[in-house]
Protein chains: 2
Amino acid sequence: MEEPSRIDGPGLRADARRNRGRILVAARAVFAERGIDAPMATVARRAGVGVATLYRRFPTRQSLVRAAFAQQMETCARVLTEALADPDPWRGFQRLFETVCELQREEQGFPAAFVAAFPDSAAEHAQAREGTERDLMTLVRRAQAVGALRADFHPSDLVVALLSHCGLVTALPHDNAASRRLVAYLLQSFRAEAARGALPPPSALSLRDLPLAAGDSQRQRPPRA
Amino acid sequence: MEEPSRIDGPGLRADARRNRGRILVAARAVFAERGIDAPMATVARRAGVGVATLYRRFPTRQSLVRAAFAQQMETCARVLTEALADPDPWRGFQRLFETVCELQREEQGFPAAFVAAFPDSAAEHAQAREGTERDLMTLVRRAQAVGALRADFHPSDLVVALLSHCGLVTALPHDNAASRRLVAYLLQSFRAEAARGALPPPSALSLRDLPLAAGDSQRQRPPRA
DNA sequence: TCACAAGTGGACGACACCGTCCACTTGACC
DNA sequence: GGTCAAGTGGACGGTGTCGTCCACTTGTGA
């Protein structure tokens with residue numbers, strides 16, 4: 001009410017803003033090297049900052065993760081807009097998928113952030129997600145209308161594809177060839193000509209389940225070496 | 001030398017063997033619910049056993065994981081044998097992929113075990129893996145010779161596909177529809193008729209990187225809610 | 001230049017998990 | 001039934017992370 005969350009945004013003292021920036025850089029680096037649940041203290045040390053400063057700026061690990069990858073999230077949203085603007089809807093669709101996968105591949109830690117849970121941002125970003133979802137639906141319909149995207153493609157299939165790719169790059173963080181190969185296979189199977197026989201029914205997933213535009217998701221936990 | 005590892009196998013006292021069994025059941029349950037790095041003490045408690053007993057039987061978490069999912073690993077190996085025996089190599093290939101994915105889908109925690117690292121079993125299971133690898137190669141060649149599997153399919157693509165599916169079911173543990181959908185898409189894109197345009201070069205992966213037959217792999221870490 | 005609110009660092013208590021140790025129990029074999 | 005090695009449970013010390021608290025520093029606006 002009174003404090004409109006000056007925890008982030010501007011309105012910070014100059015040195016504080018500088019530190020905030022350093023923390024985000026350090027967070028991306030540390031998350032890339034040691035995974036998304038690296039100790040907070042490690043991030044602080046790398047940023048040349050005390051733990052207290054880190055916690056003051058980002059009270060939860062989640063808020064740090066979200067802020068650290070906000071730029072990637074925005075890129076995803078922008079790419080969707082560009083895809084919609086493309087006169088060739090299939091090319092738009094293809095670029096959308098390829099670009100998001102490229103982001104997942106390049107920014108270590110982003111994939112993990114991508115599937116990690118952000119249950120509290122649900123209300124907050126509801127409209128953003130709905131807009132994104134509508135846009136995606138439009139893109140899919142157009143690409144189908146042109147006869148490029150198979151008719152039985154369901155918007156949730158994009159979520160499925162992105163999450164799988166995400167899992168792959170998490171398992172093999174440095175194997176770009178594997179990632180590219182999967183992307184190519186999936187794109188080919190999304191083409192209308194590839195349709196042979198019926199597919200099993202689509203998942204009930206929606207964008208709600210995937211933070212394409214700083215949204216959020218569900219989930220449990222994976223392994224460890 | 002002197003003690004030929006009676007830690008597992010028979011030769012255990014009756015009560016000890018009973019406990020061992022209980023531990024494995026408990027481990028599968030706990031891994032399914034809380035992920036593969038749930039506290040050892042939780043597994044012990046669930047098995048109605050002290051921690052010491054657990055550690056005596058399975059000195060490392062890895063050995064516990066491996067033992068807990070040994071059955072699933074064996075099933076994978078058996079399915080490969082069956083696939084080779086199938087007069088229709090494509091049907092064999094298809095069943096192999098579908099069955100392994102089904103295992104990943106059904107046994108929570110198995111996918112995580114599947115991608116988790118088992119660096120020390122490398123030497124130990126070297127022959128088993130090589131045999132598996134050769135079998136797989138044979139299966140692929142046969143399916144290609146028949147004109148069913150696309151000519152540019154590379155054995156490592158199976159690893160890629162399995163790891164992606166693994167990631168998907170880890171992210172969405174209860175969404176069978178999503179899993180089935182992905183499997184269907186991938187199988188269709190592996191068909192010879194689906195080939196349109198060149199694929200990017202295959203990954204350098206081999207079965208070495210995937211514990212199809214109780215083998216092992218590499219890796220780093222994923223997220224956490 | 002000064003005063004003070006904003007910002008800072010690191011020590012600290014709480015907590016969770018690990019893996020070992022040891023005194024006690026129990027199954028197997030005579 | 002008696003002996004004893006095999007087996008057992010739980011307490012315990014060690015380690016690593018969390019998140020807070022508070023005395024100190026520093027930027028800002030007058």
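FYI, side chains are in, hydrogens and waters are out, and symmetry mates aren't considered; it's all heavy atoms of this structure. Note on naming: letters A, B, ... go to the chains in the order of the sequence lines (proteins, then strands), and numbering restarts at 1 for each one.
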Could you check B:Ile36, B:Val43, B:Asp37 and say which one makes a side-chain contact (heavy atoms from CB on, under 4.5 Å) with B:Arg61? B:Asp37
Without decimals, in angstroms, what is the distance between A:Tyr55 OH and D:dG19 P? 4 Å
Ion pair B:Glu33/B:Arg46, N-O distance below 4.0 Å: yes
In whole Å, I'd like the distance from the CE atom of A:Met40 to the P atom of D:dT20. 10 Å
It should be established whether A:Arg56 places a side-chain nitrogen or oxygen under 4.0 Å from OP1 or OP2 of nucleotide C:dG9. no
Under 4.0 Å from OP1 or OP2 of D:dC18: is there any side-chain N or O of A:Arg61 that close? yes
Check whether any side-chain nitrogen or oxygen of B:Asn19 sits under 4.0 Å from OP1 or OP2 of D:dG7, and answer yes or no. no
Grab the CZ-C1' distance between B:Arg57 and C:dG19 for me, whole Å please. 16 Å
Side-chain N,O (A:Arg17) to OP1/OP2 (C:dG7) below 4.0 Å: no
Mind checking whether A:Phe190 and A:Tyr185 have ring centres under 6.0 Å apart? no
Does the distance from a Lys or Arg side-chain N to an Asp or Glu carboxylate O, for A:Glu82 and A:Arg78, drop under 4.0 Å? yes
Grab the CZ-P distance between A:Arg34 and D:dT17 for me, whole Å please. 7 Å
What is the separation between atom CG on A:Leu54 and atom P on D:dT17, rounded to the nearest whole Å? 14 Å
Determine the sole option in B:Arg28, B:Gln72, B:Gln71 for which the side-chain contact (heavy atoms from CB on, under 4.5 Å) test with B:Phe110 is passed. B:Gln72
To the nearest angstrom, the CZ-P distance between A:Arg22 and C:dT8 comes to 10 Å
Please enumerate all protein N or O atoms sitting under 3.5 Å from an N or O of nucleotides 10-13 of chain C, with distances to 0.1 Å.
none

Using whole Å, what does the distance between atom P of nucleotide D:dG19 and atom CG of A:Leu64 come to? 12 Å
Any side-chain to backbone donor/acceptor pair from A:Thr53 onto A:Val49? Under 3.5 Å, distance only. no
Nucleotide D:dG16, atom C1' - distance to CG of A:Asp37 in whole Å: 14 Å
Quick one: are A:Phe93 and A:Asp86 in side-chain contact, heavy atoms under 4.5 Å? no
Treating primed atoms plus P, OP1 and OP2 as sugar-phosphate and everything else as base, which nucleotides of nucleotides 23-30 of chain D get B, S or - for protein heavy atoms under 4.0 Å? ---BSS--
Which of these nucleotides, C:dG7, C:dC18, D:dG7, is closest to any side-chain atom of A:Ala16? C:dG7
Determine, stepwise, if the pair B:Phe58 / B:Leu24 fulfils side-chain contact (heavy atoms from CB on, under 4.5 Å). CA-CA 10 Å; B:Phe58 306 99; B:Leu24 289 178; 3.7 Å; yes
Checking B:Thr42 side chain against B:Ala38 main chain: does a donor-acceptor pair fall under 3.5 Å? no
